[in-house]
Enquirer: 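Dropping a structure here in structure tokens format, bear with me for questions.
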Amino acid sequence: MTDSAVEAHFDEVIARHDRIEPRDWMPDAYRRTLVRQIAQHAHSEIIGMQPEGNWISRAPSLRRKAILLAKVQDEAGHGLYLYSAAETLGVSRDELVDNLLTGKQKYSSIFNYPTLSYADVGTIGWLVDGAAICNQVPLCRTSYGPYGRAMIRICKEESFHQRQGYELLMTMMRGTPEQQEMVQESVNRFWWPSLMMFGPPDENSPNSERSMAWGIKRNSNDDLRQKFVDMTVPQADALGICLPDPSLAWNASREHYDFGEPDWDELAAVIRGDGPCNAQRIEHRRRAHEDGAWVREAATAFAAGGEIGD
Ligand code: BYC
């Protein structure tokens, strides 16, 4: 096929909302955008293991510990599917890890906040995984095949994660006044950062227009944020929790909830690296990567046909 024919083929696949596959021709900018987004997504899953991992050794019961261990392991798995999807675009795993550790690539702002009580495990499941589901279900229909297929599996697990968080919070809300207070305090801290997970407002989102035209993103940041608020308010009512936003109110003419403006300066600061836990998260990841060097060496030697201990 000529250059113009492959380009026309790409445009036609995008126009009929079909999939681009790794061996298909694609514009360089499309490839770069995918690597940026999928890598950021993979890094988020891996860094996202830390805030909850903080509570594994202090879970209040064996049942809660088993649930939390399984959830954090799922997140490692999500990171691995996503790194594999990014690798189909011609980047290596080493390069991606290096980009995370040197700050060249980002990860979600939400994981730069501390987890101060066990209620945070429930709140992360309910709000953070809830936001992740709103953002990621449409990504199952993203235009790049390996990314969309990874998302299908990830979303199934995320739904389970959200339910476990909700179930934990519901249990605490049926408990003592102190437990109820822990839940409310946790939700107060995580509500606004959860809204920020969807990214800057549409008018300040430099990548959205191009990514939506290419079918990489299927919805805008603000549309997904609204969907999340609409989904979450009735759940908060059922829990008996007060969401910390005095502007939150049903708008009958829009048939959506109105809500307040997140602090966009705070989001910009956290993305810049100035959030409460940015330095700690990257330092922890760097140490874990160095400590795991022997595992990578052993796996490489084993794959090459050597014996462990050679
Ligand atoms: N945090 O033009 P925009 C999970 C950056 S994991 C940090 O709107 P885009 C989970 C953005 O990258 C959740 N950075 O960008 C795991 C861009 O910078 P660059 C992760 C952010 O890409 C474990 C700039 O700001 N989910 O759920 O069109 C346990 C301008 O933004 C953030 C994903 O990664 C942020 N919040 O839209 C529990 C989903 N927001 O790269 C749960 C896939 C924006 O130009 N990603 N930035 O230097 C996406 O859907 C999109 O990339 C975003 C941003 C909606 C996040």
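Start at 1 with the first residue, then count along the sequence. Ligands are counted one by one from 1 in listed order, and the atoms in each one are counted from 1 as well.
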Enquirer: Specify side chain, backbone, both or neither for Gln37, according to which of its non-hydrogen atoms lie closer than 4.0 Å to ligand 1.
Expert: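 For Gln37, the contact with ligand 1 is made by the side chain alone.
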
Enquirer: Is it the case that Tyr113 and Asp120 place a side-chain donor and acceptor less than 3.5 Å from each other?
Expert: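 Short answer, no.
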
Enquirer: Could you tell me, atom by atom, which parts of ligand 1 come under 4.0 Å of a heavy atom of Met196?
Expert: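 In order of number, 36 (N).
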
Enquirer: Using a strict 4.0 Å cut-off to heavy atoms of Met197, name the atoms of ligand 1 that fall inside it.
Expert: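 By the 4.0 Å cutoff, the relevant atoms are 36 (N).
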
Enquirer: Tell me which protein heavy atom sits closest to atom 40 (N) of ligand 1, plus the residue, atom name and distance to 0.1 Å.
Expert: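 Here the nearest protein heavy atom works out to Gly199 CA, 3.2 Å.
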
Enquirer: What protein heavy atom sits nearest atom 9 (P) of ligand 1, and how far off is it?
Expert: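 Its nearest protein heavy-atom neighbour is Lys217 NZ, 3.5 Å.
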
Enquirer: For atom 55 (C) of ligand 1, find the nearest protein heavy atom and state the residue, atom name and distance (0.1 Å precision).
Expert: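 I find the closest protein heavy atom is Phe198 O, 3.7 Å.
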
Enquirer: Could you tell me, atom by atom, which parts of ligand 1 come under 4.0 Å of a heavy atom of Tyr107?
Expert: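 Numbered from 1, ligand 1 contributes 1 (N), 7 (C).
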
Enquirer: Knowing that exactly one of His43, Glu95, Arg36, Gln40 qualifies, which makes a side-chain hydrogen bond (donor to acceptor under 3.5 Å, both in side chains) with Gln105?
Expert: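 Going through the options one by one, the only one that passes is His43.
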
Enquirer: Using distance alone, with no hydrogens and no angle criterion, decide if Asn188 and Gln184 have a side-chain donor and acceptor under 3.5 Å apart.
Expert: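 Yes - a donor-acceptor pair under 3.5 Å links their side chains.
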
Enquirer: If you measure only the distance, is there a donor-acceptor pair under 3.5 Å linking the side chains of Trp126 and Gln235?
Expert: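 Judged by distance alone, the side chains do pair up.
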
Enquirer: Provide the number and element of each atom of ligand 1 under 4.0 Å from a heavy atom of Tyr147.
Expert: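 Reading through ligand 1 atom by atom, the close ones are 43 (C).
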
Enquirer: Pick whichever of Ile216, Asn135, Ile110 has a heavy atom sitting closest to atom 50 (O) of ligand 1.
Expert: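 The nearest heavy atom belongs to Asn135.
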
Enquirer: I'd like to know if Arg189 pairs up with Glu185 as an ion pair, taking the criterion as any Lys NZ or Arg NE/NH1/NH2 lying under 4.0 Å from an Asp or Glu carboxylate oxygen.
Expert: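 Salt bridge flag = yes for Glu185 with Arg189.
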
Enquirer: Who gets closest to atom 36 (N) of ligand 1 by heavy atom: Ser109, Pro138, Ala131?
Expert: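 The option holding the nearest heavy atom is Ser109.
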
Enquirer: Between Tyr107 and His41, is the ring centre distance below 6.0 Å?
Expert: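 Ring centres of His41 and Tyr107 not closer than 6.0 Å.
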
Enquirer: Please determine, by modelled atom types, if Ser44 and Ser108 share a side-chain donor-acceptor pair under 3.5 angstrom.
Expert: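 No - no donor-acceptor pair under 3.5 Å links their side chains.
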
Enquirer: Counting non-hydrogen protein atoms only, what is the nearest one to atom 18 (O) of ligand 1? Give residue, atom name and distance.
Expert: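 Of every protein heavy atom, Lys106 NZ, 3.3 Å lies nearest to atom 18 (O) of ligand 1.
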
Enquirer: Students should be able to answer this: which protein heavy-atom is nearest to atom 15 (O) of ligand 1, and at what distance?
Expert: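 Here the nearest protein heavy atom works out to Asn207 ND2, 3.3 Å.
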
Enquirer: Is the charged tip of Arg210 near the ring of Trp214: under 6.0 Å from the six-membered ring centre and within 45° of its axis?
Expert: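 Geometry flag: set, cation within 6.0 Å and 45°.
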
Enquirer: Between Tyr144 and Thr88, is any side-chain donor less than 3.5 angstrom from a side-chain acceptor?
Expert: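 Tyr144 vs Thr88: donor-acceptor pair found between side chains.
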
Enquirer: Under 3.5 Å, N or O to N or O, is Glu52 touching ligand 1 that way?
Expert: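 Among all N and O atoms of Glu52, none is under 3.5 Å from an N or O of ligand 1.
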
Enquirer: Please report whether ligand 1 has a polar contact with Gln40, defined as an N or O pair separated by less than 3.5 Å (distance criterion only).
Expert: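 Yes; the residue has a nitrogen or oxygen that sits under 3.5 Å from a nitrogen or oxygen of the ligand.
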
Enquirer: List the closest protein heavy-atom neighbour of atom 38 (C) of ligand 1: residue, atom name, distance to the nearest 0.1 Å.
Expert: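 Checking every protein heavy atom, the shortest distance to atom 38 (C) of ligand 1 gives Asp129 OD1, 3.4 Å.
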
Enquirer: Which is it for Gln136 and ligand 1 at heavy atoms under 4.0 Å: side chain, backbone, both or neither?
Expert: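 Under 4.0 Å from ligand 1, Gln136 contributes side-chain atoms alone.
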
Enquirer: Report yes if Ser44 has an N/O atom closer than 3.5 Å to an N/O atom of ligand 1; otherwise report no.
Expert: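 N/O-N/O distance below 3.5 Å does not exist for this pair.
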
Enquirer: Is there a side-chain contact between His17 and Arg218 in this structure, where contact means two heavy atoms from C-beta onward sitting under 4.5 Å apart?
Expert: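 With C-beta onward as the side chain, the pair touches.
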
Enquirer: Going by the order shown, which atoms of ligand 1 are within less than 4.0 Å of some heavy atom of Asn221?
Expert: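 Numbered from 1, ligand 1 contributes 8 (O), 55 (C).
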
Enquirer: Consider every N or O of Pro206 and every N or O of ligand 1, then say whether any pair is closer than 3.5 Å.
Expert: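 Yes, at least one N or O pair falls under 3.5 Å.
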
Enquirer: Can Asp222 and Gln226 be counted as having a side-chain donor-acceptor contact under 3.5 angstrom?
Expert: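 Looking only at side-chain atoms, Gln226 and Asp222 do not form any donor-acceptor pair under 3.5 Å.
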
Enquirer: Please write down residue, atom name and distance for the protein heavy atom closest to atom 3 (P) of ligand 1.
Expert: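 It is Ser205 OG, 3.4 Å.
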
Enquirer: Against ligand 1, does Met49 come closer than 4.0 Å with any heavy atom?
Expert: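 Under 4.0 Å: no for Met49.
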
Enquirer: State if Pro200 counts as touching ligand 1 under the rule of any non-hydrogen atom under 4.0 Å.
Expert: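 For ligand 1, residue contact (heavy atoms, under 4.0 Å) with Pro200 is present.
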
Enquirer: So, Asp258 versus Asn251: side-chain donor-acceptor pair below 3.5 Å or not?
Expert: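 There is such a pair between these side chains.
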
Enquirer: Is it the case that Ser143 and Tyr30 place a side-chain donor and acceptor less than 3.5 Å from each other?
Expert: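 Result is yes, a qualifying pair exists.
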
Enquirer: Flag the pair Asn221 / Ser208 as yes when at least one side-chain heavy-atom distance between them is below 4.5 Å, and no otherwise.
Expert: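 The answer is yes; the side chains approach within 4.5 Å.
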
Enquirer: Counting only non-hydrogen atoms of the protein, does one fall under 4.0 Å from atom 29 (C) of ligand 1?
Expert: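 Yes.
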
Enquirer: Find all atoms of ligand 1 within a distance of less than 4.0 Å from any non-hydrogen atom belonging to Ala132, and give their numbers and elements.
Expert: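 So the atoms of ligand 1 that pass are 27 (O).
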
Enquirer: How far is atom 21 (C) of ligand 1 from its nearest protein heavy atom, and which residue and atom is that?
Expert: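 Checking every protein heavy atom, the shortest distance to atom 21 (C) of ligand 1 gives Ile271 CD1, 3.4 Å.
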
Enquirer: Phe198 pairs by ring-ring contact (aromatic ring centres under 6.0 Å, His included) with which of Trp264, Phe228, Trp192?
Expert: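 Checked Trp264, Phe228, Trp192 against Phe198; only one passes ring-ring contact (aromatic ring centres under 6.0 Å, His included): Phe228.
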
